[in-house]
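The chains referred to below are lettered A, B, ... by the order of the sequence lines, with proteins before strands, and numbering in each begins at 1.
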Number of protein chains: 2
Amino acid sequence: MAPFCYDYPHPAVTTDIALFTILEDKLAILLIRRRSPPFQHCWALPGGFVEPDEGLENCALRELAEETGITGVYLEQLYTFGQPDRDPRERIISVAYYALAPADILAPVAGSDAAEVCWFALDALPDLAFDHPDILCLAQQRLRTKLDYSTIAFSLVNETFTLGELQKVYEIIRGEPLDKRNFRKYILSLNLLAESGASQHGCNHRPAKLYRLAQPGTLHYLR
Amino acid sequence: MAPFCYDYPHPAVTTDIALFTILEDKLAILLIRRRSPPFQHCWALPGGFVEPDEGLENCALRELAEETGITGVYLEQLYTFGQPDRDPRERIISVAYYALAPADILAPVAGSDAAEVCWFALDALPDLAFDHPDILCLAQQRLRTKLDYSTIAFSLVNETFTLGELQKVYEIIRGEPLDKRNFRKYILSLNLLAESGASQHGCNHRPAKLYRLAQPGTLHYLR
DNA sequence: ACAAAAGTGTTCTCGATACACCCATGC
DNA sequence: GCATGGGTGTATCGAGAACACTTTTGT
């Protein structure tokens, strides 16, 4: 029943994932409701223990898939949280990741490890388990600062998107409105977009051109 | 002999520290020579196993002090390296930190865990143990980028310093010369320095004013 | 016709860059 | 007096910010 023995104490290691999306014009985060103690029935970031033969990033992707059915997100290591008392069970060190995905690709479904999976707007969060509020706070900071010198925002829109949609993403993350002309000038000057040829349709207004990334899936650093 | 047992496998967790300084007008890093296998007699970053009741940052500071006698550095978490095969002994996950300190405060002396401790210029590195080259490379990248939006460079000069010395630090990290007048204008416009009143002496030229940080020990983010 | 978002240029400001000479000290 | 780094100001350029009207579609 306790076959894994070592000459000196070993901590447990987990990954936790802060998956952001934009839902109803707000930043939202994916949470699961815990099925077992500690913090039973409490909401928490998806995540779990690192398997002996998997890398940390693989662990994060696997846990996200197992617990929420979600795959194909942008994922990046955030910070490692290791306060000795952060978990009441034993010493657990957590390598936190943050992830980004457009909301409407995803159809979260509770996996085996979680009773419920749900998006929560960041301004209407429930109480969170462990030090997950700290993780979330740091993740949001990182998202905000990285917006300015990289192309992470593109991970929050669909494969094809309008410049209006993209601008909305920037505005929501920065928490302030942006000038339309300056925004378009800036984005197009990056030379990272290609017109998809198609346009919006079925909207109450002039249809917008649809763009796609010239090199999909590539994160660019600016300046 | 193996009293620490768990219901499922636990990795070991270490911290490794990339301590930079400026030595003889070059970026240099502190290395220790390993006394035991694996990579016996090889040079490596200082670091070691996380104790059950210490935080990660404390572990890094403790290992640095034990192995090199050095304290009082600027320290910041860098990245967590967890490839399953990065250590031949067992699964070891390493939380890497990078640190900065002025060279002439330090008088590194081998502690109990290391046979030798030595500064190495980055352009004259020996072979390094484990994935320490990766850690070092990432640390150097971080140092370079963070130079532009924070006051980390101040951690590489003494408590009082001349603007010439500070400029040298920027030039060495960026790998290019800077304009003296523009540099001084920029630094002074930050309003973070106070004149110490004193000046250099014993130099072959006009003595420079000595400055100190108005709030020593505080890291500022710019823009 | 009206509502709603798309699309489009110019002006201004401010921070970043480029650049050259005199000053104080030790030898 | 000469070598060495310290100390200083101005002109230019370019990126970012401010700003308003016409266009296309659905109802």
Notebook entry, point to check: side-chain hydrogen bond (donor to acceptor under 3.5 Å, both in side chains) with Lys180(A): which residues, sequence neighbours excluded?
Noted result: none
Item checked: Bending between helix ends of the helix from dA1(C)-dT27(D) to dC27(C)-dG1(D) [5 pairs per end, 10° resolution] -> 0°
Quick test: give all pairs of protein nitrogen or oxygen and nucleotides 12-15 of chain D nitrogen or oxygen below 3.5 Å, distance rounded to 0.1 Å.
none

Next item on the list: Residues of residues 178-185 of chain B with any non-hydrogen atom less than 4.0 angstrom from an atom of DNA chain C: list those, numerically ordered, please.
Entry: Asp179(B), Arg181(B), Asn182(B), Lys185(B)
Margin query: Does any part of the side chain of Gln200(A), heavy atoms only, come nearer than 4.5 Å to the side chain of Arg206(A), both counted from C-beta?
Written below: no
Next item on the list: For Arg62(B), check side-chain hydrogen bond (donor to acceptor under 3.5 Å, both in side chains) against everything at least two apart and list the hits.
Entry: Glu54(B), Glu66(B)
Next item on the list: Mind jotting down which residue pairs meet the ring-ring contact (aromatic ring centres under 6.0 Å, His included) criterion with at least one end in residues 176-198 of chain B? Sequence neighbours excluded, please.
Entry: Tyr170(B)-Phe183(B)
Next item on the list: Could I get the full list of side-chain hydrogen bond (donor to acceptor under 3.5 Å, both in side chains) partners for Glu195(B), not counting sequence neighbours?
Entry: Lys209(B)
Item checked: 5' precedence on DNA chain D between Tyr186(A) and Leu163(B) (nearest-nucleotide basis) -> Leu163(B)
Atom pairs under 3.5 Å: protein N/O with N/O of nucleotides 12-14 of chain C:
none

Note to self: Does anything in residues 196-209 of chain A come within less than 4.0 Å of DNA chain D? Heavy atoms only, and list the residues if so.
What the structure shows: Cys203(A), Asn204(A), His205(A), Arg206(A), Pro207(A)
Item checked: Lys/Arg N to Asp/Glu carboxylate O, Asp148(A) vs Arg223(B), below 4.0 Å -> no
Note to self: According to side-chain hydrogen bond (donor to acceptor under 3.5 Å, both in side chains), who are the partners of Glu171(A), at least two apart in sequence or on a separate chain?
What the structure shows: Gln167(A)
Margin query: Just to verify, what does Ala44(A) make a side-chain contact (heavy atoms from CB on, under 4.5 Å) with, not counting sequence neighbours?
Written below: Arg34(A), Ala129(A), His132(A)
Margin query: My understanding is that only residues two or more places apart in sequence, or in another chain, count here; which of them pass ring pair (Phe, Tyr, Trp, His ring centres under 6.0 Å) with Phe81(B)?
Written below: Tyr79(B)
